[in-house]
Amino acid sequence: MTEPAAPSDRGTVGRGSPSPAQIAIWTAVALAGAVGWAMLALSRGEEISAAWMVAAALGTYAIGYRFYSRFIAYRVLRVDKTRATPAERLDNGVDFHPTDRRVLFGHHFAAVAGAGPLVGPVLAAQMGYLPGTIWIVVGVILAGAVQDMVTLFFSTRRDGRSLGQMARDEIGPFGGAAALVAVFAIMIILLAVLALVIVNALAESPWGVFSIAMTIPIALFMGFYLRVLRPGRVTEVSVVGVALLLLAIVAGGWVAESSLAETFTLSKGTLVLWMIAYGFLASVLPVWMLLAPRDYLSTFMKVGTIALLALGVFIALPTLKMPAVTDFASRGDGPIFAGSMFPFVFITVACGALSGFHALVSSGTTPKMIQKETQVRMVGYGAMLTESFVAIMAMITACIIDPGLFFAVNAPVGAIGDSVQSASEAVAGFGFSISPEALTAAAESVEEESLLSRTGGAPTFALGMSEIFSAVVGGAAMKAFWYHFAIMFEALFILTTVDAGTRVGRFMLQDTLGNLYKPLRDVSWKPGVWLTSAIVVGGWGYFLWVGVHDPLGGINQLFPLFGIANQLLAAVALAVCTTLLVKSGRLKWAWVTGVPLAWDVAVTLTASWQKIFSGDPRVGFFTQRSIYQEGIDNGEVIAPAKDMDEMHTIVTNSTVDGVLCALFALLIIVVIVDAGRVCWKAVHAPETVKLHEAPYQRSTVVAPAGLFATKEEKAEMAAAAAGDGGGTGPERPVGTRS
């Protein structure tokens, strides 16, 4: 098997020698990052400024994007700007649609950036700010962003095939079947968990419900604006859309204080029904009409808020009050989650560093919309770096508040009790201190009755955000406003993952069922689109509906599987990517995905083993089951159960979680072993290898690879607009042929 053609063969960018100014700039960036890391790592008990964490992260991201992502794109993947993408070749105006790179970046980022980067780092702060921060930054550079970009590239080369279908095509029917089952089951769990976070955030919140509901008509307007009224005018529609979004946010506050508040005050059950209906519509409507513009619009608020939060850190200069490493990191008996630092800090951080869910989007909506192969670097790698920075800001918000308050907010009722007095005493037992008066004052400052046991990470993020923003704008009088703004922001942040995830699930199900009945694989066949969309929303909708009505049922039953399932899904994606690198003649570069695959497998299988076999009932599912079953046999009710019915429910939940954890781990092992077999065969008998790659077709679309066009790209677009070379001009609708 021969290695693919060199980058220069098909119009990839030249490398050239860096200028003295460029060398000076990148040296300064590297030094800024290095100084930030030194300050974080070498502190000995003293409080240091959170600004050093921001500097360390941004400096590392810049180096990683400029050098490592470029290396992967042009040396490893050999992206080809002359090759037509599925969006161009199969454009049907519904799922396949060439989309401006700026809009697509917004869609992709909004689709992948859900609850994980907001709440995972907050919970991981239990072990101190340093372990989680190192994994967030190093993990995204070497693993998370690599997975997203490489998956996007290979899916683009295969007509936008889903991850499960790529596994079946390239690994084989046995490993592929295991991947299809595991990927779809895990995806339903992930979507239901994300939806539950949104329901909890929006329930009884007229401000949040109104503001988020208004993003739907705004997105529809933006979609028709770009498609019909002013094709290609991305800047115009961005300005209008952002202005309308800001108006909707401000108006949400007015609505909350008006007679309309009751109309927009929805119960959890009502919110579930509305979310199911919205998820179905977002899945079946043309992607340009609702999904892409709404995600793009949401990105302005997401990135804008996080950027302002980072700016606030540099202005307010809050200090990190949480220790660099807490005793819980070595003892593994933390009140928020039990388990040792390895592997559970990596499982808990999850999406901020590496997320299997991202691979679903990278092989779902995005490859069907990308204009040029060269854009996989900005969209895949760049969007994941942006999400990782969200995780860094979440870590900061958790670590700048008093550690005593942090543990009082995040520890469950069973660990701290239900009064400020009992919470104060419990926190002292954790090795920190906070008075009952301080706990009461903290709740009053954000106009909440209590902050005790507000678990899940989201309230802590809101508290930290309110600390930073109120220090810059408004002082203590504005703290409550910023707190509730943050809660609404989190709900908006996560909702975009649910709608895009539903559409991705539909693609995956169509690919899977298409193996049995070929018309279902046709994304333009309306009955298939409607049927598979209904199955997906019905799946996560069922678990969500039961979960909001039963504290121990539905998705609450499966919530403990979220972190491990997500990381196991990443193992599938990295295994598929490594297999494709080997099969396509890139064996010498297989370490790019092979190394993060080995690390992810070590982490997730270790975590799975401990969750199945650990003798600690706070960790091991089956040990927990045994203890509660013994309690039932003895007629004893064990907390947190309140009666025998709940005791039986906990036994059932522990059994189901343990069995599913074992099943998912076994399926992943099957995928990896079968992938290893295929790689061995590709190396030793390359003549027998068959790649399921779409045939090369020359592209007539001209578009920049990055956010800003280079001088050469501007010349190409000008020539295309003048009709000299064919393609897409700067003010011409994307996908128009001259």
Going from [atom1] on [X] to [atom2] on [Y], what distance comes out if it is rounded to the nearest 0.5 angstrom?
X: Phe489; Y: Lys302; atom1: CZ; atom2: NZ; value: 8.0 Å
X: Arg78; Y: Ile72; atom1: CZ; atom2: CD1; value: 13.5 Å
X: His484; Y: Glu447; atom1: NE2; atom2: CD; value: 6.5 Å
X: Ser69; Y: Leu385; atom1: OG; atom2: CG; value: 7.5 Å
X: Ser470; Y: Phe481; atom1: OG; atom2: CZ; value: 12.0 Å
X: Leu309; Y: Ile396; atom1: CG; atom2: CD1; value: 7.5 Å

Can you name the closest pair of heavy atoms from [X] and [Y] and give their distance?
X: Thr578; Y: Ala590; result: CG2-O, 4.1 Å
X: Gln147; Y: Ala573; result: OE1-CB, 3.7 Å
X: Ile306; Y: Met393; result: CG2-CG, 3.7 Å
X: Leu152; Y: Gly380; result: CD2-N, 4.0 Å
X: Leu561; Y: Asp657; result: CD2-O, 3.6 Å
X: Cys577; Y: Phe154; result: O-CE1, 3.9 Å

[X] vs [Y] side-chain heavy atoms within contact, under 4.5 Å:
X: Arg618; Y: Gln624; value: no
X: Asp148; Y: Tyr381; value: no
X: Trp589; Y: Phe71; value: yes
X: Gln610; Y: Thr606; value: yes
X: Ser608; Y: Leu568; value: yes
X: Leu360; Y: Phe357; value: yes
X: Trp52; Y: Val35; value: yes
X: Phe153; Y: Ser362; value: no

Checklist line | Trace of the side-chain contact (heavy atoms from CB on, under 4.5 Å) decision for Leu569 with Phe664 | finding: CA-CA 9 Å; Leu569 191 55; Phe664 288 156; over 6 Å; no
[X] side chain vs [Y] backbone, donor-acceptor pair below 3.5 Å:
X: Ser424; Y: Gln421; value: no
X: Ser422; Y: Ile416; value: yes
X: Thr604; Y: Ile564; value: no
X: Ser614; Y: Lys611; value: no
X: Ser453; Y: Val413; value: yes
X: Arg101; Y: Gly706; value: yes
X: Thr440; Y: Pro436; value: yes

Run the side-chain donor-acceptor check on residues 315-322: report pairs under 3.5 Å with partners two or more places apart or on a different chain.
{"residue": "Thr319", "atom": "OG1", "partner": "Glu47", "partner atom": "OE1", "Å": "2.9"}
{"residue": "Lys321", "atom": "NZ", "partner": "Ile400", "partner atom": "O", "Å": "3.2"}

Could you label the plane-to-plane angle of the [X] and [Y] rings as parallel, tilted or perpendicular, counting under 30° as parallel and over 60° as perpendicular?
X: Phe346; Y: Phe342; answer: perpendicular
X: Tyr61; Y: Phe389; answer: perpendicular
X: Trp482; Y: Phe485; answer: perpendicular

Enumerate donor-acceptor pairs with a distance under 3.5 Å from any side-chain N or O in residues 456-468 to protein atoms, sequence neighbours excluded.
{"residue": "Thr460", "atom": "OG1", "partner": "Asn410", "partner atom": "OD1", "Å": "3.2"}
{"residue": "Thr460", "atom": "OG1", "partner": "Asn410", "partner atom": "ND2", "Å": "2.8"}
{"residue": "Ser466", "atom": "OG", "partner": "Ala462", "partner atom": "O", "Å": "3.3"}
{"residue": "Ser466", "atom": "OG", "partner": "Leu463", "partner atom": "O", "Å": "2.7"}
{"residue": "Glu467", "atom": "OE2", "partner": "Lys479", "partner atom": "NZ", "Å": "2.8"}

Next item on the list: For the residue pair Glu387 and His358, confirm or rule out a side-chain donor-acceptor distance under 3.5 Å.
Entry: yes
Which atom pairs, one a donor and one an acceptor, fall under 3.5 Å between side chains of residues 108-136 and the rest of the protein, sequence neighbours left out?
{"residue": "His108", "atom": "ND1", "partner": "Thr366", "partner atom": "OG1", "Å": "2.8"}
{"residue": "Gln126", "atom": "OE1", "partner": "Ile336", "partner atom": "N", "Å": "2.8"}
{"residue": "Gln126", "atom": "OE1", "partner": "Phe337", "partner atom": "N", "Å": "3.4"}
{"residue": "Gln126", "atom": "NE2", "partner": "Phe337", "partner atom": "O", "Å": "3.0"}
{"residue": "Tyr129", "atom": "OH", "partner": "Leu40", "partner atom": "O", "Å": "3.3"}
{"residue": "Tyr129", "atom": "OH", "partner": "Ser43", "partner atom": "OG", "Å": "3.1"}
{"residue": "Thr133", "atom": "OG1", "partner": "Tyr129", "partner atom": "O", "Å": "2.6"}

Margin query: Let's go through Phe469 and Val473 carefully: what are the C-alpha distance in whole Å and the side-chain angles of both, what is the deciding distance for side-chain contact (heavy atoms from CB on, under 4.5 Å) to 0.1 Å, and is it a yes or a no?
Written below: CA-CA 6 Å; Phe469 279 163; Val473 179; 5.9 Å; no
Next item on the list: Evaluate the side-chain contact (heavy atoms from CB on, under 4.5 Å) criterion for residues Val146 and Thr593: first the C-alpha distance (whole Å), next the side-chain angles of each, then the deciding distance (0.1 Å), finally the verdict.
Entry: CA-CA 7 Å; Val146 173; Thr593 54; 4.0 Å; yes
Next item on the list: Just do the side-chain contact (heavy atoms from CB on, under 4.5 Å) check on Phe314 and Val472 with the steps written out, would you?
Entry: CA-CA 10 Å; Phe314 283 112; Val472 178; over 6 Å; no
Check: Is the CH2 atom of Trp26 crowded by more than 12 outside heavy atoms at less than 6.0 Å?
Finding: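 More than 12 within 6.0 Å, yes.
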Next item on the list: May I ask you to establish whether Arg377 and Tyr65 are in a cation-pi arrangement, using a distance under 6.0 Å from NZ or CZ to the six-membered ring centre and at most 45° from the ring axis?
Entry: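 Positive - Arg377 is close enough to the ring of Tyr65 and near enough to its axis.
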